[in-house]
Asks: 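Following this message is one structure expressed as structure tokens.
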Amino acid sequence: MTDTTETTRQLPKAYRPADFEGAIYERWIGADVFAPDGAGSTADPSAEPFVIIQPPPNITGSLHLGHAQRTAVEDLMIRHARMTGRPTLFLPGLDHASIAAQYVLDKILAGEGESRASLGRERYLERMWQFINVTREVMLGQQRRLGASLDWSRLRFTMDAGSAMAVREAFYRLHRDGLAYRTEALINWCPGCRTSVSDLEVIPTPETGTLWTVRYHLLDDATGRPDPDAWIAVATTRPETILGDVAVAVHPDDPRYAAFVGRQARIPFVERDVPIIADPIVEREFGTGAVKITPAHDHDDYETGRRHGLPMLTVLDDAAAVVGTGTRFEGLDRLDARREIVAALEASGDLESSRPHELLIGRCERSRDVIEPRLKTQWFVRAAPLAARALEATRGGRTTIVPERFVKVWEHWMTNIRDWNVSRQLWWGHRIPAWYCPDGHITVSAEEHGPTACEVCGRPSSELQQDPDIFDTWFSSGLWPFSTLGWPDDTPDLRRYYPGSVMETGHEILFFWVARMMMLGLHLTDVEPFHTVYLSGLIRDAEGQKMSKTKGNVVDPLAVMETSGADALRFAVIHGATPGLDQRFGPQRLELGRNFANKLWNAVRFILGARPEGIATDAVRIAPDADRLGPAERWIRSRLAATVAEVDRGVADYQFGEVTRALYDGIWSEFCDWGLELAKVRLADESLPAADREATWWTLVEAIDTYLRLLHPVMPFVTEELWGALPHRPEDPPMLVVARWPVAGPRDPVTESAVGALVELVRVVRSARAEGGVEPGRWLPGEVFAPTSLAGAFDALRPALERLSRCRPLVRHAQRDAFLTAAGSRPGLSVVVGEIEADVALGEGAEGPPAAELARLEKELAEAERLLEAARTRLANAAFTAKAPASVVEGARGREAELADQVARLRERLRR
RNA sequence: GGGCGGUUAGCUCAGCCGGUCAGAGCGCCUCGCUUACACCGAGGAAGUCGGGGGUUCGAGUCCCUCACCGCCCACCA
């Protein structure tokens, strides 16, 4: 490390991120600075640790831009905390993503002519491990490339032994506490994935279907046979479910059907006679006002069936083919069956009508197949009591959600929560640790090898059968904040790093993941798993479209980083980050980041190259000599202090876009555009004592060092690289990554306003020159009248002001009369900026002020008059002066005086 | 059917607690190779802050309402 601390190094002329980003990451790893207790850590061990919880990405392929943006935000927070001297934990991990992974692997297998069935459970899982051994490296590599300062020594996976142990223990306790139960219930079945899915995984999709109206003949009370001339018409979008109908429901107050209630109707094909019942759930206006009830294949009907004690007849199997009906439709896929049933009804004359109908179809989030609700015996987690505790945590302020508006969404969901179906008929995942004995007794065990005997009847384990199902993938994800720290064991990590500080994730998985972590965490550990939930928005493409593989508009972060660098990507995505709001990403954004890095690079190159001869190349950094600072140097320091404060505020408020904006403006528009330009002149001024020039240089070093620290969490690579080339203090650590976060110094309002006025003068003179059509390269003499309060700053900065305004000599007059005499009536450009007036001579040969100059002055006058008028109107309003705060009124008066002065001066200039 | 978010220069967006807040980047126009940077520098044009009400001395900034776009939740078969 000594090479970077004790000597300043030469920087290559061009900023080429690819040349150093990888090497820098290696150096961080080599120095072991990411682990909270790593060899290179400079944290205060007694400080409160800062822990970021990163959603472990799904191990299904590669990371996309959304991952990159979130990782960037997380890394920003953790790097900032690390620099403040807190022990930090940023734990890397991957999620086995059971259903998503199986979906991907199934597709790959299909391409090879294999399938889940052809391989069998064992070989299928072997294939899965092979698959993820490849993808995991890709994904971890992407995180490294992005510069994520993850503690790799703590890498975890939701399918590792630690997670497995936590899953078993968690389920064991939930069951013990009466919060996990097994029952037959109507669940969402995906025929494509051949598994149940949770309510959240069913995506309501608007589609145009058909609404068929079908006649069910009433039974003749006398004969007990269907009456060909009496029927009740029901409307349905799924005629195949007729086979499972067990009732017809009408609204109890519907006069049309009052006489029907209590009678029987004959279901076609299955020739089943079912009751006509009354239930207020029926919408009288919809369809015919009579609803067929299929409790085993429809969520609403299931509830209705339960209310009325109706039988539940399953007529679709796992593949969604007709089963158990004893009809000729047996074995047909439900859609084929639907067609045939409609045709048969039409033939029999019982199809009254059919019309197109817009409806919401539940589709599988993964396979997009139509979800077919069906009865299954599954494990459920009782949600209400868990949700109550989660709500307590957010209401009590122990966990804060950022941005705040999501609290409402959270509350709504938590208060209407339904029990969580955790059984999945998949293979890739944690097997449910429940065993059943031949007598149907249930034994749940947290032991790795299962129970030794049935808990109820004592039968030996050899007679017990383990549940073939696995857990919903979110069950293990829900344990992530503590399962990764050794829970259920009472480990040092768990004590030190739990609960976490900030949990960052996309708002789309607020329910899937955040809610489950809260519920499980509170129940199992008795403490909320994190203090803050920071929700990010989605990354969209430049057109505002959601990025998706099928649309082909996904941006590969690796490719982006290859061309523009990780820093540019990080800057771009952080720049656009507003909590909870989506952002568009396009090439422009990226260029912004890259250009900024380039600017920074060149600024540092300039500073290093401008080192006064009296300072050795390997000089140890010293603070600039305060007695030798000029106005420009004091201005730089004061503006720097302002930027530090702004960045601090942005970080504290999670307004990361504000952080990048403050840095962009501070570094580019203030420090580079004015600070360096002013300093340049002083550094080159041989007439000044060497010590003055050295103080200037040390000021630049101090400023850029501070800016680099502030920017490090956003752009870690380029800042590390550049910082390494700067002279350092003896107490500085070898690398920026563990250097101390800056403390905002004092502001200097007097200097800020004086230099601000002079900067404005330069700006206005430049503008006047350009508008007046003066050749840019031409030096013009100028006269300036500045109030005595600005005299010191003006004189000190005169050489710089001359150079920047390209006016020489620039003569300052202390008296306005003298100024007016000197400016005289010669042809020239006149500017009025605040209390300063300047007149730039156009030189011999000029006939008079060019027409453009007059037009410019007139425009300025008109604008000033307009503003003055507005200010006067405001002050004339008695209500304003009476009710507005004194400071505001005072400010308005000052403004009025200023404007009046400016108007007067401009009029005077125009008269000449 | 509820709920939430967005609507600010041609484009992409900042504008936190109402009082120089009308801004930035890109694009556009005019200039410029001034020894850090053409991934640059200087200057410039450009918006009745979605519409309409209201509160206030004062409103992109608060309230109501409407419109359009987007998202989330929801048991109309």
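Residue numbers start from 1 in every chain, and the chains themselves are labelled A, B, ... in the order their sequence lines are given, proteins ahead of strands.
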Asks: Write down the distance separating the P atoms in B/rC16 and B/rC62, rounded off to the nearest Å.
Replies: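 Rounded to whole Å, the distance is 8 Å.
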Asks: Verify the contact: side-chain N or O of A/Arg405 to OP1 or OP2 of B/rC4, cut-off strictly under 4.0 Å; return yes or no.
Replies: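 For B/rC4, OP1/OP2 do not have a side-chain N/O of A/Arg405 under 4.0 Å.
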Asks: Between B/rG19, B/rC37, B/rA36, which one does the side chain of A/Ala884 approach most closely?
Replies: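 Ranking B/rG19, B/rC37, B/rA36 by closest atom to the A/Ala884 side chain puts B/rG19 first.
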Asks: Is the closest basic N to carboxylate O distance between A/Glu677 and A/Lys680 below 4.0 Å?
Replies: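 A salt bridge links A/Glu677 with A/Lys680.
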Asks: Measuring only the C1' atom in each nucleotide, how far is B/rG47 from B/rA9? A whole number of Å is fine.
Replies: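 Each nucleotide's C1' atom is 4 Å from the other's.
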Asks: What nucleotide among B/rA36, B/rC75, B/rC39 has an atom nearest to a side-chain atom of A/Arg418?
Replies: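 Looking only at side-chain atoms, A/Arg418 lies closest to B/rC75.
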Asks: Less than 4.0 angstrom from a charged side-chain N to a carboxylate O is my criterion; do A/Arg872 and A/Glu869 meet it?
Replies: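 The answer is no: the pair does not qualify as a salt bridge.
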Asks: Could you please name the option among B/rA77, B/rA14, B/rG44 that lies closest to any side-chain atom of A/Arg661?
Replies: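 In terms of side-chain proximity for A/Arg661, the closest of B/rA77, B/rA14, B/rG44 is B/rA14.
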Asks: Name the nucleic acid region contacted by A/His357, choosing base, sugar-phosphate or nothing; use a 4.0 angstrom heavy-atom cut-off, strictly under.
Replies: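 Since only primed, P, OP1 and OP2 atoms lie under 4.0 Å of A/His357, the category is sugar-phosphate.
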Asks: For atom C1', what is the distance between B/rG60 and B/rC17, given to the nearest Å?
Replies: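 Nearest-Å result for B/rG60 against B/rC17 at atom C1': 16 Å.
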Asks: Does the pair A/Asp245/A/Lys292 count as a salt bridge with the N-to-O cut at 4.0 Å?
Replies: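 Salt bridge: yes.
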Asks: For B/rC40, does either OP1 or OP2 sit under 4.0 Å from a side-chain N or O belonging to A/Asn595?
Replies: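 Checking B/rC40 against A/Asn595, a side-chain N or O does come within under 4.0 Å of OP1 or OP2.
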Asks: Can you work out whether A/Phe511 or A/Ser669 has the more 5'-proximal nearest nucleotide on RNA chain B?
Replies: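 Looking at RNA chain B, the more 5' nearest nucleotide goes with A/Ser669.
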Asks: Please tell me which of the listed nucleotides, B/rG43, B/rA14, B/rC57, lies nearest to the side chain of A/Ala879?
Replies: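 It is B/rC57.
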Asks: Mind checking if A/Glu898 touches a base, just sugar-phosphate, or nothing, with heavy atoms under 4.0 Å?
Replies: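 Answer is base: heavy atoms of A/Glu898 come under 4.0 Å of a base.
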Asks: B/rC4, OP1 or OP2 - any side-chain N/O from A/Lys408 closer than 4.0 Å?
Replies: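 A/Lys408 to B/rC4 OP1/OP2: side-chain N or O found under 4.0 Å.
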Asks: Can you identify which nucleotide, out of B/rC75, B/rA74, B/rG19, has its nearest atom closest to the A/Asp300 side chain?
Replies: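 Within the option list, the nearest is B/rC75.
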Asks: Can A/Glu658 and A/Arg661 be counted as an ion pair, charged N to O under 4.0 angstrom?
Replies: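 A/Arg661 and A/Glu658: salt-bridged.
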Asks: Just to confirm, is there a sub-4.0 Å distance from OP1 or OP2 of B/rC13 to any side-chain nitrogen or oxygen of A/Arg584?
Replies: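 For B/rC13, OP1 or OP2 has a side-chain N or O of A/Arg584 closer than 4.0 Å.
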Asks: Is a donor-acceptor pair below 3.5 Å formed from side chain A/Arg589 to base B/rC26, judging by atom type as modelled?
Replies: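 Such a pair does not exist between side chain and base.
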Asks: Which nucleotide in the list B/rA77, B/rG6, B/rA36 gets nearest to the side chain of A/Cys672?
Replies: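 Minimum distance to the A/Cys672 side chain belongs to B/rA36.
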Asks: Give the rounded distance in Å between these two atoms: CG of A/Asp541 and C1' of B/rU12.
Replies: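 After rounding, the reported distance stands at 13 Å.
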Asks: What integer distance in Å separates A/Leu510:CG from B/rC73:P?
Replies: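 The distance from CG of A/Leu510 to P of B/rC73 comes to 10 Å, rounded to the nearest Å.
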Asks: Using a strict threshold of under 4.0 Å (side-chain N to carboxylate O), is an ion pair present between A/Glu771 and A/Arg766?
Replies: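 A/Glu771 and A/Arg766: not salt-bridged.
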Asks: Under a 3.5 Å cut-off for both contacts, is B/rU12 paired Watson-Crick or G-U wobble with anything, and if yes, with which nucleotide?
Replies: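 Result: B/rA24.
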Asks: Does B/rU34 have its OP1 or OP2 closer than 4.0 Å to a side-chain nitrogen or oxygen of A/Lys680?
Replies: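 For B/rU34, neither OP1 nor OP2 has a side-chain N or O of A/Lys680 closer than 4.0 Å.
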Asks: Testing A/Leu11, A/Leu722, A/Leu600 one by one against A/Arg605 for a side-chain contact (heavy atoms from CB on, under 4.5 Å), which residue passes?
Replies: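 In the set A/Leu11, A/Leu722, A/Leu600, the residue that makes a side-chain contact (heavy atoms from CB on, under 4.5 Å) with A/Arg605 is A/Leu11.
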Asks: Would B/rC17 be called syn or anti here, given the cut-off of 90° from 0?
Replies: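 Syn, since the glycosidic angle lies within 90° of 0.
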Asks: With both distances under 3.5 angstrom, what nucleotide forms a Watson-Crick or G-U wobble pair with B/rU48?
Replies: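 Result: none.
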Asks: Could you let me know what B/rC40 is paired to, Watson-Crick or G-U wobble, both distances under 3.5 Å, or none if it's on its own?
Replies: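 B/rC40 is paired with B/rG32.
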Asks: Could you tell me which nucleotide pairs with B/rG5 by Watson-Crick or G-U wobble geometry, both distances under 3.5 Å, or answer none if nothing does?
Replies: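 Across all strands, the one nucleotide that pairs with B/rG5 is B/rC69.
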Asks: Would you say A/His412 reaches B/rC4's phosphate, i.e. side-chain N/O to OP1/OP2 under 4.0 Å?
Replies: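 Answer is no, no contact under 4.0 Å.
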Asks: Taking the side chain of A/Arg540 as its heavy atoms from C-beta onward, which of B/rA36, B/rC71, B/rC57 lies nearest to it?
Replies: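 Within the option list, the nearest is B/rC71.
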Asks: Which way is the base of B/rG54 turned, syn or anti, if we draw the line at 90° from 0?
Replies: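 The base of B/rG54 is oriented anti (glycosidic angle more than 90° from 0).
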Asks: Taking 4.0 Å as the cut-off, does a side-chain nitrogen or oxygen of A/Trp668 come that near to OP1 or OP2 on B/rC39?
Replies: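 Indeed not, no polar side-chain atom of A/Trp668 lies that close.
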Asks: Of the nucleotides B/rA36, B/rC57, B/rG25, which one has an atom closest to the side chain of A/Gln588?
Replies: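 My answer, after comparing the listed nucleotides, is B/rG25.
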Asks: Using the C1' atoms only, state how far B/rU7 lies from B/rU61, rounded to an integer number of Å.
Replies: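 Their C1' atoms lie roughly 15 Å apart.
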Asks: Given atom CG of A/Leu200 and atom P of B/rC73, what is their separation to the nearest angstrom?
Replies: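 Result: 7 Å.
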Asks: If you check every side-chain atom of A/Arg895, which of B/rG19, B/rC39, B/rU20 has the closest atom?
Replies: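 Minimum distance to the A/Arg895 side chain belongs to B/rU20.
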Asks: Considering only the C1' atoms, how many Å lie between B/rC21 and B/rC29, rounded to the nearest integer?
Replies: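 Approximately 26 Å lies between the C1' atom of B/rC21 and that of B/rC29.
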Asks: Hey, does A/Glu658 reach any base, or is it just sugar-phosphate, or nothing, if we go heavy atoms under 4.0 Å?
Replies: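 Answer is sugar-phosphate: A/Glu658 comes under 4.0 Å of backbone atoms only.
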Asks: Distance criterion of 3.5 Å, no angle test: do you see the side chain of A/Glu677 paired donor-to-acceptor with the base of B/rA36?
Replies: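 Answer yes: a donor N or O sits under 3.5 Å from an acceptor.
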Asks: Between B/rC57, B/rA77, B/rC16, which one does the side chain of A/Arg649 approach most closely?
Replies: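 The closest nucleotide is B/rC16.
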Asks: Send over the distance from A/Ile574 CD1 to B/rC13 C1', rounded to a whole Å.
Replies: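 Nearest whole value for this atom pair: 17 Å.
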Asks: Reckon A/Thr578 has a side-chain N or O less than 4.0 Å from the OP1 or OP2 of B/rA14?
Replies: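 Looking at the OP1 and OP2 atoms of B/rA14, one of them is under 4.0 Å from a side-chain N or O of A/Thr578.
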Asks: May I ask you to say what A/Pro204 touches in the nucleic acid, namely base, sugar-phosphate or nothing, with a heavy-atom cut-off under 4.0 Å?
Replies: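 Nothing: the residue A/Pro204, judged by heavy atoms under 4.0 Å, touches no strand.
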Asks: Between A/Thr236 and A/Pro776, name the one whose nearest nucleotide on RNA chain B is closer to the 5' end.
Replies: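 With A/Thr236 and A/Pro776 compared, the 5'-side residue is A/Pro776.
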Asks: Once the angle between the rings of A/Trp413 and A/Phe511 is folded into 0 to 90°, is it parallel (under 30°), tilted (30 to 60°) or perpendicular (over 60°)?
Replies: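 Rings of A/Trp413 and A/Phe511: parallel, as their planes differ by under 30°.
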Asks: May I ask you to verify if any side-chain N or O of A/Lys13 is less than 4.0 angstrom from the OP1 or OP2 atom of B/rA36?
Replies: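 So the side chain of A/Lys13 is outside the cut-off, no N or O lying under 4.0 Å from OP1 or OP2 of B/rA36.
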Asks: Taking the basic N atoms (NZ, or NE/NH1/NH2) and the acidic carboxylate oxygens, is any pair closer than 4.0 Å for A/Lys546 and A/Asp582?
Replies: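 Answer for the salt bridge query: no.
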Asks: OP1, OP2 of B/rG19 versus side-chain N and O of A/Ser887: anything below 4.0 Å?
Replies: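 Checking B/rG19 against A/Ser887, no side-chain N or O comes under 4.0 Å of OP1 or OP2.
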Asks: How close or far is atom C1' of B/rA36 from atom CH2 of A/Trp601, stated in whole angstroms?
Replies: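 The distance from CH2 of A/Trp601 to C1' of B/rA36 comes to 12 Å, rounded to the nearest Å.
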Asks: Run the ring-ring contact (aromatic ring centres under 6.0 Å, His included) test on A/Tyr534 and A/Phe656 for me, step by step, so that the C-alpha distance in whole Å, both residues' side-chain angles and the decisive distance to 0.1 Å come before the verdict.
Replies: CA-CA 12 Å; A/Tyr534 174 91; A/Phe656 304 124; 5.5 Å; yes
Asks: What integer distance in Å separates A/Phe406:CZ from B/rC73:C1'?
Replies: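 A/Phe406 atom CZ is separated from B/rC73 atom C1' by 13 Å.
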Asks: Output the rounded distance in Å from CD (A/Glu591) to P (B/rA38).
Replies: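 That distance rounds to 15 Å.
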Asks: Please give, in whole Å, the distance from B/rA36 P to A/Leu726 CG?
Replies: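 So the CG-P distance, A/Leu726 to B/rA36, works out to 17 Å.
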Asks: Please determine, for B/rC57, whether a Watson-Crick or G-U wobble partner exists with both distances under 3.5 Å, and give it or none.
Replies: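 Here B/rC57 is engaged in a pair, and the nucleotide opposite it is B/rG19.
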Asks: Is a side-chain N or O of A/Arg693 found less than 3.5 angstrom from the main chain of A/Pro612, in a donor-acceptor match?
Replies: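 No, because the side chain of A/Arg693 does not come within donor-acceptor range (under 3.5 Å) of the backbone of A/Pro612.
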Asks: Suppose you measure atom C1' in B/rG3 against the same atom in B/rU48; what distance do you get, rounded to whole Å?
Replies: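 Between the two C1' atoms, the distance is 33 Å.
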